[in-house]
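Report on one structure; see the data block that follows.
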Amino acid sequence: MLIDTYGRVATDLRVSLTDRCNLRCTYCMPEEGLAWLAKPELLTDDETVRLVRIAVTLLGVTEVRFTGGEPLLRRGLVDIVERCAALRADGADGARPRLSLTTNGIGLARSADALKAAGLDRVNVSLDTLRPDAFAALTRRRRHQDVLDGLAAARAAGLEPVKVNTVLMPGLNEDEAPDLLAWAVENGYELRFIEQMPLDAQHGWRRERMITAGDILTSLRTRFDLTPEPGPERGSAPAERWLVDGGPARVGVIGSVTRPFCAACDRTRLTADGQVRTCLFATEETDLRGALRSGAGDEEIAALWRRAMRGKKAGSGLDDPAFLQPRRPMSAIGG
Ligand code: SAM
Ligand code: SF4
C-alpha cells in the first residue's frame, strides 16, 4: 500500500501524459511562452504502462485518471488506456483499475468511441462558460463548439457519468454558475465547480480575487434549492455534493483553497516525465524515470514510491504565510 505517516492510503493515481496543451486557460498558462518538456524527458508509452502496472499490482492503486496538459494530445492514449484496462490487482478479487480521463474535450468527438472500447470508464471535461466569447477570453482560443461536441460524444459513447469541471474567474464568467448548472442538468452532465488555485505558470493567483466555494453556493441558491447529498461523509471525495432541487441531479463544489480535504486525501501523482508527487502543492518530487532507465526492478521502484508517500505533508500549506507555489504549473503536474 501507499501509506503516509498520517495513515492516509493513496489508491487514486493521477497520471499526466503530457504537459502540452491546445488551449491557454488564463488560470493555468500564460498567453505565450512556457517551455514544453523535451521528448526524451517524457516517459514512453511502455514506461508509463509499467509504472501504472506497478501501482496497480504492487501498491494498491484502484483508480487511474489520465490528465495533463491535454491528454488527448498524447498519440498513444488509446493504446495506453487499453493496456491499463488489462491490468489486474494482485490478490483474491483481481479487480481491474477504474480508468478515467480529464480533458478539455477538444478532439473527444473523434476519440470517445475508441476510448470507451479500449476500456475507459469515465471522463471529466473542462468547460467554464456557455458563451463562445467568454470561452475565447478564458482559453485564448475559439474552440467552444469543439468542447460541446466532445461532451456530447462522451455521453453518446457511454463514458458516464460525464462530469464537467468549471473554474469561475472574476470579470469573465463569475455570473454564470446558475446558467451552467441549468444547462448541465438539462444535458445530463454532472457539474463540479473548482476553486481557482495558485498553480498557474505566470503566478497570477490572488486570494482576494478568487471566487470561493461560498460565493458559488450563494450564486447557485439564487435559482436552485441545494441540499447536501445524503450518504457517507465527504471522505476522500474532494467535492462537496449537493442535490439540485431535491435530485436526482447533483452539483459538486471543490473548495481546495477555502474548504480543503487534505485530511482524507487518497491521491498520488505521476508527472509525464516520471516524477512522483504526493500533492498538487508538493515542492519535492521523487524520480522514478531515472530508476526505470537505470534498470531498477518492479519491487525497487515500488519501494521508492512507498518512500515518497511517507514524505507526504499533512496539508497543502496554502494557509501558511510562508506558502511557496510549486515550481511546476498545473499543466506540468497534471490536474
Ligand atoms: N487539459 C485538461 C483539462 O483542462 O481538463 C486536463 C488538465 S487541467 C490542468 C485539469 C483541470 O485543472 C481542469 O479542469 C482545469 O480547469 C483545472 N485547472 C487548471 N488550472 C487550475 C487552477 N489554477 N485552479 C483550479 N483548477 C485549475
Ligand atoms: Fe490546457 Fe487544461 Fe490548462 Fe486549460 S486547464 S490550459 S485546457 S491544461
Side-chain angles (χ1 to χ4, degrees), residues 14-34 36-37 65-74 77 100-108 111 122-129 134-144 146-147 150-151 154 159 162-170 172-174 180 189-207 209-213 216 238-239 252-261 267 269-272 277 279-281 316 318 325-326 328-335:
R14 307 278 151 134
V15 181
S16 174
L17 294 177
T18 176
D19 58 333
R20 292 175 189 243
C21 192
N22 40 15
L23 295 182
R24 289 255 161 185
C25 303
T26 51
Y27 45 76
C28 185
M29 287 194 183
E31 187 160 11
E32 281 175 41
L34 197 63
W36 307 129
L37 290 166
R65 173 172 293 277
F66 300 104
T67 180
E70 178 42 51
L72 291 178
L73 295 180
R74 175 82 180 222
L77 175 64
S100 56
L101 178 77
T102 301
T103 168
N104 64 27
I106 295 172
L108 191 55
S111 52
R122 296 189 289 106
V123 287
N124 284 32
V125 178
S126 303
L127 178 66
D128 303 325
T129 176
F135 183 90
L138 275 156
T139 67
R140 301 168 175 127
R141 300 288 185 271
R142 293 209 159 267
R143 308 294 299 266
H144 191 243
D146 293 315
V147 181
L151 271 162
L159 290 167
V162 176
K163 296 189 181 176
V164 174
N165 289 356
T166 297
V167 179
L168 293 180
M169 295 293 284
L172 288 170
N173 60 344
E174 66 189 303
L180 279 158
Y189 304 138
E190 190 176 320
L191 184 62
R192 298 140 33 102
F193 292 94
I194 306 176
E195 278 182 346
Q196 187 199 359
M197 294 177 274
L199 288 168
D200 55 314
Q202 63 278 24
H203 292 217
W205 181 90
R206 298 288 172 272
R207 184 182 284 265
R209 278 183 52 79
M210 62 172 282
I211 314 290
T212 65
I216 295 164
V253 180
I254 305 182
S256 318
V257 178
T258 64
R259 303 177 183 201
F261 49 95
R267 294 187 182 167
R269 294 172 182 276
L270 184 65
T271 64
R277 295 180 64 91
C279 173
L280 275 176
F281 296 100
S316 63
L318 272 169
Q325 192 170 326
R328 287 193 202 240
M330 181 72 129
S331 56
I333 295 171

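Computed from a prediction, not measured in an experiment: that's the story for all the values here. Every number for a ligand or one of its atoms is a count from 1 in the order of the listing. Index from 1, following the sequence.
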Within 6.0 Å of CZ in Arg207, more than 12 heavy atoms from elsewhere:
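Atom CZ in Arg207 is crowded, with more than 12 foreign heavy atoms closer than 6.0 Å.
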Under the side chain to side chain contact (heavy atoms under 4.5 Å, CB included) test against Asp128, which residue among Thr26, Val164, Val167 passes?
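Only one of Thr26, Val164, Val167 forms a side chain to side chain contact (heavy atoms under 4.5 Å, CB included) with Asp128, namely Val167.
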For ligand 1, run through the N/O pairs with the protein that fall under 3.5 Å and put one pair on each line.
residue, atom, partner, partner atom, Å
ligand 1, 1 (N), Gly69, O, 3.0
ligand 1, 1 (N), Glu70, OE1, 3.1
ligand 1, 4 (O), Ser126, OG, 3.4
ligand 1, 5 (O), Thr103, O, 3.2
ligand 1, 5 (O), Ser126, OG, 2.6
ligand 1, 14 (O), Ser126, OG, 2.7
ligand 1, 14 (O), Asn165, ND2, 3.2
ligand 1, 16 (O), Tyr27, OH, 3.4
ligand 1, 23 (N), Tyr27, O, 2.9
ligand 1, 23 (N), Met197, O, 2.9
ligand 1, 24 (N), Met197, N, 2.8

Nearest atoms (heavy-atom pairs only) where [X] meets [Y]:
X	Y	answer
Ile106	Arg143	CG2-NH2, 3.2 Å
Ile333	Leu280	CD1-O, 3.4 Å
Arg259	Ala213	NE-CB, 3.8 Å

Which distance, rounded to the nearest 0.5 Å, do you find between the CG of Leu172 and the OG1 of Thr129?
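With rounding to 0.5 Å, CG (Leu172) is 9.0 Å from OG1 (Thr129).
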As an exercise, state the distance from CZ of Arg328 to CG of Leu199, rounded to the nearest 0.5 Å.
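Reported to 0.5 Å precision, the distance equals 12.5 Å.
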Any donor-acceptor N or O pair under 3.5 Å, side chains Arg65, Thr102
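Judged by distance alone, the side chains do pair up.
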Any side-chain donor-acceptor pair under 3.5 Å between Glu70 and Thr103?
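Indeed, the side chains of Glu70 and Thr103 share at least one donor-acceptor pair under 3.5 Å.
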For atom 3 (Fe) of ligand 2, check which protein N, O or S atoms are under 2.8 Å away and list them.
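Sorted hits: Cys28 SG.
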